[in-house]
**Student:** 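Sharing a structure here in structure tokens format.
Quick caveat, the model's predicted, so the values are computed rather than measured.
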Amino acid sequence: MPKVTRLPRGWLGDTQQYTAASPEAQLHPPSPDRCALTGSIVKSNAIAGATTWSQQDDETLINARAQGLNWNQISPKYFPSKTSNNCRKRHEWLIERQNTEQWDGVRVEVLAEAYMEVRSEMWRILGAKVNEKWQLVEQKCMEKGLKNLTQAYREAQRKEGNRLVFGDDSGIGISDVED
């Protein structure tokens with residue numbers, strides 16, 4: 001007797017049967033990563049974490065994080081079909097979207113007006129520190145962006161720190177000193 005796999009309702013209407021004796025079954029036998037009807041490869045949402053997020057899921061995620069839970073606690077407790085990384089990325093996206101939505105047109109206009117009022121004064125201070133025209137300093141800062149400037153600053157601090165360590169090094173390590 002051929003093996004029969006019953007598929008749940010919703011797969012092409014009523015419950016369908018897929019027999020192991022059919023030519024399709026011999027080419028692509030049913031397995032957890034193959035569709036029993038077509039034999040095509042299917043990624044499990046539980047594994048891939050590719051399920052959709054509902055508004056309620058988003059609220060649950062925000063509330064769980066606000067309670068101080070970490071991603072490894074949130075994922076299995078509230079979203080067993082999603083990875084902790086899926087939860088973290090979704091939360092980051094939600095927070096970024098929330099912050100973006102808070103800056104409406106009127107708020108941006110107020111910022112722009114205030115910026116233009118103090119622009120030359122603000123950039124002149126920085127220009128004087130680096131001995132460049134303030135307009136060039138403003139242009140370069142805007143061009144590079146905060147992320148790149150922060151990265152360049154950290155790199156400079158690291159190099160400066162290494163220079164001090166290597167410059168003051170006598171060549172004798174603590175383990176080289178004899179008691």
Side-chain angles (χ1 to χ4, degrees), residues 33 35 40-177:
D33 62 339
C35 174
S40 61
I41 295 176
V42 177
K43 287 187 179 178
S44 166
N45 284 341
I47 294 170
T51 58
T52 58
W53 292 83
S54 68
Q55 174 119 15
Q56 185 176 356
D57 289 342
D58 290 344
E59 290 169 10
T60 300
L61 182 63
I62 295 290
N63 290 335
R65 191 65 177 153
Q67 292 172 9
L69 298 177
N70 68 38
W71 306 121
N72 291 329
Q73 295 168 320
I74 293 171
S75 174
K77 184 174 182 177
Y78 297 106
F79 308 104
S81 68
K82 294 173 174 48
T83 66
S84 57
N85 194 44
N86 293 137
C87 294
R88 181 181 61 83
K89 290 290 193 180
R90 180 63 177 193
H91 186 268
E92 286 174 1
W93 182 83
L94 287 170
I95 296 303
E96 177 140 343
R97 189 180 77 178
Q98 180 183 15
N99 291 340
T100 302
E101 288 174 356
Q102 290 175 354
W103 281 88
D104 62 0
V106 172
R107 196 167 177 194
V108 171
E109 287 174 6
V110 169
L111 174 65
E113 287 176 9
Y115 175 76
M116 294 311 281
E117 285 176 20
V118 299
R119 176 179 169 225
S120 65
E121 178 185 345
M122 179 176 77
W123 291 109
R124 281 182 206 279
I125 295 167
L126 193 53
K129 278 193 167 261
V130 297
N131 200 26
E132 293 286 347
K133 291 183 178 181
W134 71 265
Q135 294 93 339
L136 178 63
V137 172
E138 177 190 36
Q139 179 186 5
K140 287 299 174 188
C141 286
M142 296 291 186
E143 180 182 296
K144 296 297 181 188
L146 180 60
K147 183 178 179 180
N148 289 328
L149 289 173
T150 303
Q151 184 178 0
Y153 169 77
R154 288 183 182 146
E155 182 68 18
Q157 292 299 305
R158 188 185 64 74
K159 285 179 183 176
E160 187 175 303
N162 286 345
R163 250 187 265 126
L164 292 174
V165 170
F166 293 128
D168 296 337
D169 189 1
S170 65
I172 300 173
I174 292 175
S175 62
D176 295 336
V177 177

**Student:** Does NZ or CZ of Arg65 come closer than 6.0 Å to the centre of the six-membered ring of Trp71, within 45° of the ring's axis?
**Tutor:** yes

**Student:** Please tell me if the side chains of Val110 and Arg107 come closer than 4.5 Å, counting only heavy atoms from C-beta onward.
**Tutor:** no

**Student:** Would you say that Phe79 contacts Leu61 through its side chain, given a criterion of any heavy-atom pair below 4.5 Å between the two side chains?
**Tutor:** yes

**Student:** So, Lys140 and Glu143, do they make that salt bridge, N to O below 4.0 Å?
**Tutor:**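 Salt bridge between Lys140 and Glu143, a charged N being under 4.0 Å from a carboxylate O: yes.
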
**Student:** Check this for me: Gln151, atom CD, are more than 12 non-hydrogen atoms of other residues, nucleotides or ligands nearer than 6.0 Å?
**Tutor:** no

**Student:** As an exercise, state the distance from CZ of Arg90 to CD1 of Ile62, rounded to the nearest 0.5 Å.
**Tutor:**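 Spacing of CZ (Arg90) from CD1 (Ile62) equals 9.5 Å.
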
**Student:** Calculate, to the nearest 0.5 Å, the distance between atoms CD and CG belonging to Glu113 and Leu111 respectively.
**Tutor:** 10.0 Å

**Student:** Quick one, Tyr115 with Met122, criterion side chain to side chain contact (heavy atoms under 4.5 Å, CB included). Give me CA distance, side-chain angles, the key distance, then yes/no.
**Tutor:** CA-CA 9 Å; Tyr115 175 76; Met122 179 176 77; 3.4 Å; yes

**Student:** Hey, could you give me the CZ/CH2 distance between Arg97 and Trp93, rounded to the nearest 0.5 Å?
**Tutor:** 4.0 Å

**Student:** Check whether more than 12 heavy atoms from other residues, nucleotides or ligands sit under 6.0 Å from atom CD of Glu155, and answer yes or no.
**Tutor:** yes

**Student:** With a 4.5 Å cut-off on side-chain heavy atoms, are Cys141 and Leu126 touching?
**Tutor:**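 Counting from C-beta outward, Leu126 and Cys141 do come under 4.5 Å.
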
**Student:** Report yes if some heavy atom in the side chain of Glu92 is under 4.5 Å from a heavy atom in the side chain of Glu96; otherwise report no.
**Tutor:** no

**Student:** Ignoring hydrogens and angles, tell me if any N or O in the side chain of Asp58 forms a donor-acceptor pair with the backbone of Gln55 under 3.5 Å.
**Tutor:**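 Between the backbone of Gln55 and the side chain of Asp58 there is no qualifying donor-acceptor contact (under 3.5 Å).
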
**Student:** Test the Lys82-Trp53 pair against the cation-pi criterion, namely NZ or CZ under 6.0 angstrom from the six-membered ring centroid and within 45° of the ring axis.
**Tutor:** yes

**Student:** With a cut-off of 6.0 Å (strictly less than), are more than 12 heavy atoms of other residues, nucleotides or ligands near CG of Asp104?
**Tutor:** yes

**Student:** Does CD belonging to Glu121 count more than 12 external heavy atoms closer than 6.0 Å?
**Tutor:**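 No - once you tally the heavy atoms of other residues, nucleotides and ligands closer than 6.0 Å, there are 12 at most.
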
**Student:** I need the minimum non-hydrogen distance between Ser84 and Ser75, along with the two atoms involved.
**Tutor:** N-OG, 3.5 Å

**Student:** Among all residues two or more places apart in sequence or in another chain, which pass the side chain to side chain donor-acceptor pair (under 3.5 Å) test with Ser120?
**Tutor:** none

**Student:** Could you state the interatomic distance from CH2 (Trp123) to CD (Gln139), rounded to the nearest 0.5 Å?
**Tutor:**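 Taking CH2 in Trp123 and CD in Gln139, the distance rounds to 11.0 Å.
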
**Student:** State, without any angle test, whether Thr60 and Asp57 hold a side-chain donor-acceptor pair at a distance under 3.5 Å.
**Tutor:** no

**Student:** Got Tyr78 and Gln73 here, is their nearest side-chain heavy-atom distance under 4.5 Å?
**Tutor:** no

